[in-house]
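Worksheet: the structure to be examined is printed underneath.
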Amino acid sequence: MPCDRSSRSTTRTESFPDQDDLWAASLFAVATPKFQALRGTRDILTPDAERHRSLVDVFAEQCRLAGYGHIMSPILEDLGVFLRVGESTDVVTKEMYDFQDKDGKRIALRPELTASVVRAFVQHNPPSLPWKVWYEGPQFRHEKPQAGRYRQFSQVGVEVLGSDDPAVDVEVIAVGWRFYQRLGLTQVKLLLNSLGDESCRPEYFAALEEYLRDHAADLSEGSRDTLEKNPLRVLDSKRREDQAIVSNAPLMVDYLTDDTAEHFAAVRSGLDELAITYELSPRLVRGLDYYTRTTFEFASTALENAQNAVGGGGRYDGLAESLGGKPTPGIGFALGVDRILLACDAENVFPAPNLAPEVFLVDLTGGSQAALLADVLRRGGIAADRGFDGRSMKAQMKVADRSGAPWAVIIGEDELTQGNVTLRDMHGDTGQTLLQRDELLAALASRLAH
Ligand code: HAM
């Protein structure tokens, strides 16, 4: 076929073989370049993918029991949604995937879901408050990939808008806490703090800023930059040279006004009543700017320190307003699915579901009998897999064995002419039974205790 080079793209990127590469490969028998998942992203294969989905199912069930509705919001958002909520956070300024689309609009791949949910709240103005929603899905942050830290990762989470009742804080935290328990995790700690609100922040910020400015010469360059944008976030520095200064900095909890202190006390006593244990963590600062009052993190002591945050959240009473809505208090959390599964591995709980078929069909007559019987069994609710490619009895039995199915059904020429099938017990000691074809469904259902 003639090759019109003029119509082909001339732009190339480092990791994306373009048409030229593919043409060259096909014309000159050069090995076609193989694609790999992008750095920091992963293919989650079976059975891990099913395990991931079951985890989301457990979360969805916890949320249903607590009266939360599901929200599915877009992965793409107007860049402005996130710029408004995190001007001084790495998540927004350094790690966000943003680009201009074909209409010239500036778009972000969401790095988190809270801002999207609050944008949706402002957009749809739900009639009844509090508005309680749960979500799940992928987030994107251009971080340095390592175990438990990915560029595409999954979260499950909840958000509640429209109430600042401390009982809502308690409920939200309890949903997260009970979810970890449902998975069987026992080594998750709840770290709790209050970051105050506009009533106490000016005084605290002034004290903190004064302290940090007095010590600015000894702070890391990164923290000196952060100090100019949001002094509070300096407390979140993990850099070694900042640690001594951070550990002696004034604490928000010492500056809470009576109202915020009372709110925090009510949250703590609500948790106590539910026997949810927590550690007060007065230096806990979250990685996003919008937090006010109650803030918390769930940390797994079964994981390495650097990646032990398996979830976190808090109040964001000013977020709706900053996204153009009416002043509306809000609180929520997001839990990292990938890390929770690592914590489950570390604690040896919540294994992948058993995906073995219930029965494997071995057809020695060409394959069409397997197709018919598989259809009957599957319609009857029995998980049936089968061999293909007209392979030998030995080869098909090997696949049947590897599939883990407890039962095999063998259809040979004799069975076909006599209208019956052989049912073989693959794991137990009941051997083989000859059954009429129309008895098979009921016989399997009773053996599988359906
Ligand atoms: P976040 O602390 O940025 O909060 O993320 C929540 C959880 O997502 C983390 O605790 C961690 O388990 C997981 N996570 C974060 N980054 C990564 C990553 N690169 N790789 C793997 N897992 C990761 C938020 O996203 C807020 N929206 C939480 C919230 C909801 N606050 C109020 N409502």
Side-chain angles (χ1 to χ4, degrees), residues 38-42 44 52 55 59 63 68 71 73 77 81-82 85-86 89-92 94-97 109-121 131-161 168-169 171-173 175-176 179-180 185 188-191 193 195 233 236 284-300 302-320 329-344:
L38 295 173
R39 196 164 127 76
T41 72
R42 298 166 305 147
I44 303 178
H52 186 123
L55 182 143
F59 186 74
C63 292
Y68 289 66
I71 180 169
S73 36
E77 285 282 354
V81 170
F82 298 108
V85 306
T89 64
D90 285 357
V91 170
V92 169
K94 298 193 183 143
E95 296 164 1
M96 198 150 63
Y97 281 89
L109 278 182
R110 65 179 185 214
E112 60 114 41
L113 255 155
T114 309
S116 295
V117 169
V118 176
R119 192 265 311 134
F121 173 82
W131 192 57
K132 305 199 321 184
V133 294
W134 75 269
Y135 52 75
E136 55 97 10
Q139 322 295 325
F140 305 86
R141 297 182 191 174
H142 194 269
E143 299 198 70
K144 199 168 157 210
Q146 51 194 290
R149 188 173 294 279
Y150 310 105
R151 289 181 175 171
Q152 176 175 338
F153 59 96
S154 278
Q155 287 182 339
V156 290
V158 302
E159 311 292 347
V160 180
L161 282 120
V168 172
D169 305 38
E171 176 179 287
V172 162
I173 293 173
V175 169
F179 168 63
Y180 293 118
L185 290 169
V188 175
K189 272 194 313 195
L190 167 61
L191 308 172
N193 193 18
L195 288 179
R233 298 219 19 91
D236 199 27
L284 177 71
V285 182
R286 307 265 307 120
L288 290 146
D289 273 349
Y290 44 62
Y291 290 105
T292 53
R293 300 204 267 184
T294 313
T295 44
F296 54 93
E297 222 158 73
F298 295 107
S300 163
L303 293 179
E304 293 280 317
N305 264 355
Q307 260 66 250
N308 73 354
V310 287
R315 280 209 159 270
Y316 43 80
D317 294 340
L319 186 53
I331 180 167
F333 65 66
L335 318 178
V337 174
D338 313 80
R339 280 192 204 168
I340 295 173
L341 288 172
L342 290 175
C344 289

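Residues: numbered from 1 along the sequence shown. First listed ligand is number 1; within each ligand, the first listed atom is number 1.
Contact residues of ligand 1 (protein heavy atom closer than 4.0 angstrom to a ligand atom; sorted by chain and number): Glu112, Thr114, Tyr135, Arg141, Glu143, Gly148, Arg149, Tyr150, Phe153, Gln155, Glu159, Arg286, Leu288, Tyr290, Tyr291, Ala309, Val310, Gly311, Gly312, Gly313, Gly314, Tyr316, Gly332, Phe333, Ala334, Gly336, Arg339.
In this structure, Asp338 contributes its side chain and Arg149 its backbone to no donor-acceptor pair below 3.5 Å. For the pair Arg315 (side chain) and Thr294 (backbone), a donor-acceptor distance under 3.5 Å is absent.
Ring pair Trp131/Phe121 is tilted by interplanar angle, where 30° to 60° counts as tilted.
For the residue pair Glu112 / Gln155, no side-chain donor-acceptor distance below 3.5 Å is found, with atom types taken as modelled.
Of the residues Tyr68, Trp134, Tyr316, the one that meets the side chain to side chain donor-acceptor pair (under 3.5 Å) test with Glu159 is Tyr316.
Salt bridge annotation for Arg293-Asp169: absent, with no cationic side-chain nitrogen under 4.0 angstrom from a carboxylate oxygen.
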